[in-house]
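Working notes, structure below.
Just so we're on the same page: letters track the sequence lines, and every chain starts at 1.
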2 protein chains.
Amino acid sequence: MTKLTAAGELLTELVLEVFRVNGLALEAGDALTESLGLSSARWQVLGVVDHEPAPVANVARVMGLARQSVQQTADALERDGFIEYRENPHHRRAKLIALTPRGREALRKVEARQATWANQLAAGMDAKALRSAAEGLRQVRQRLEEDTASDSRAGGAR
Amino acid sequence: MTKLTAAGELLTELVLEVFRVNGLALEAGDALTESLGLSSARWQVLGVVDHEPAPVANVARVMGLARQSVQQTADALERDGFIEYRENPHHRRAKLIALTPRGREALRKVEARQATWANQLAAGMDAKALRSAAEGLRQVRQRLEEDTASDSRAGGAR
DNA sequence: GCCATATTGACAGGAACCTGTCGAATTGGC
DNA sequence: GCCAATTCGACAGGTTCCTGTCAATATGGC
């Protein structure tokens, strides 16, 4: 029977903590966006195309999601008038996601709310703890990214 | 326009990092469990009832999920023979989720794989960084839990 | 013991992610 | 310039989460 080493135990605990914080943060994001007709997922898409319009596939790569997941979210955003699809000079088929005035306004409001929320929450916290937590997570993420990359090269964990 | 303070900026970055690691960890969990007919969600349910059988609603509270999410997962686990519903001496309606021999065997195999995975991944990492990351996340989680608790008392962010 | 209240599983339906497959458009080797 | 390989959006279908509603069951005040 394979047993966890001390370091393995630490990593396992860290991942469980990540799951809990992820759930709570998503919940907070949905609460922040709900009354504007958005959600955490929609907000993220708007944020990516704020700087400049981009096709669905590009947004998906930036977000680390499947192309089709972003496609669905973007189609919903278009139906609700937050974005529009523009002609792409470099690609006839891959239209660009661009914010409408309504989308831009909603994004600005969400960002203001998020700033208030983050400032309040962070006010009572130790800056050093926040910094080192982010640093540790970056380390974990790099290892995970190498890991999944080598998996896909080798054909998975079967 | 509300702007992010330095601490707010740190918290925001940390949360974004949590999202990325969460996605990668879920992916790794699914890869670990897939060939056994499980998934990250199913694994978690089996893990909770391993120590002792419990009704769906209890499992949901422990996992921080909605009752009905666990209900669906548990029903699927029963269909596939990993768990069975047992009579509950304390409650006629709330039957107990209990591992079948097949479920117990699958859980043991997943845990062995997870140990190998975590040990390998943690081997190259700084133990102090892992510890302080977990500690920082615990701090964030506590603040988030207070926050959502006060939200529900006050009636949300509308 | 009785009855309002809370909790439970069943059922219905929606959101956000996934995968696989398809034809159209683009790109790169030659 | 041609043609194979890649990338793109459309479409179909599945999983895991959510919410809301209902009837059955417990629970607690009195």
Below 4.0 angstrom from OP1 or OP2 of [N], is there any side-chain N or O of [X]?
X	N	result
B:Q71	C:dA10	yes
A:T73	C:dC17	yes
B:R42	D:dC17	no
A:R61	D:dC8	yes

Expressed as a whole number of angstroms, how long is the span from [X]:[atom1] to [N]:[atom2]?
X	N	atom1	atom2	result
B:L77	D:dC17	CG	C1'	15 Å
A:K95	D:dT7	NZ	C1'	16 Å
A:R86	D:dG9	CZ	P	16 Å
A:H90	D:dG9	NE2	P	15 Å
B:R92	C:dA10	CZ	P	15 Å
A:W43	C:dC17	CH2	C1'	19 Å
A:L65	C:dA16	CG	P	12 Å
B:E27	D:dT15	CD	C1'	16 Å

Measuring from the side chain of [X] (C-beta onward, heavy atoms only), which nucleotide among [options] has the closest atom?
X	options	result
B:Q68	C:dA16, D:dC18, D:dC8	D:dC18
B:R93	C:dA25, D:dA23, D:dC17	D:dA23
B:P55	C:dG9, C:dA10, C:dA16	C:dG9

Among side-chain atoms of B:S39 and B:D30, is any donor-acceptor pair under 3.5 angstrom? no
5' precedence on DNA chain C between A:R67 and A:M63 (nearest-nucleotide basis): A:M63
Assuming nearest nucleotide by heavy-atom distance, tell me which of B:A94 and A:G64 is located more 5' along DNA chain C. B:A94
Of all heavy-atom pairs linking A:L26 and A:S40, the shortest is O-OG, 3.3 Å
Test your reading of the model: is there a side-chain donor-acceptor pair from A:D80 to the backbone of A:F82, 3.5 Å cut-off? no
Does any N or O in the side chain of B:N119 come within less than 3.5 Å of the main-chain N or O of B:A115, such that one atom is a donor and the other an acceptor? yes
Between A:H91 and A:Q72, name the one whose nearest nucleotide on DNA chain D is closer to the 5' end. A:H91
Students often get this wrong, so: under 4.0 angstrom with heavy atoms, is B:S40 touching a base, only sugar-phosphate, or nothing? nothing
Joint hydrophobic cluster, B:L36 plus B:V48, side-chain heavy atoms closer than 4.5 Å: yes
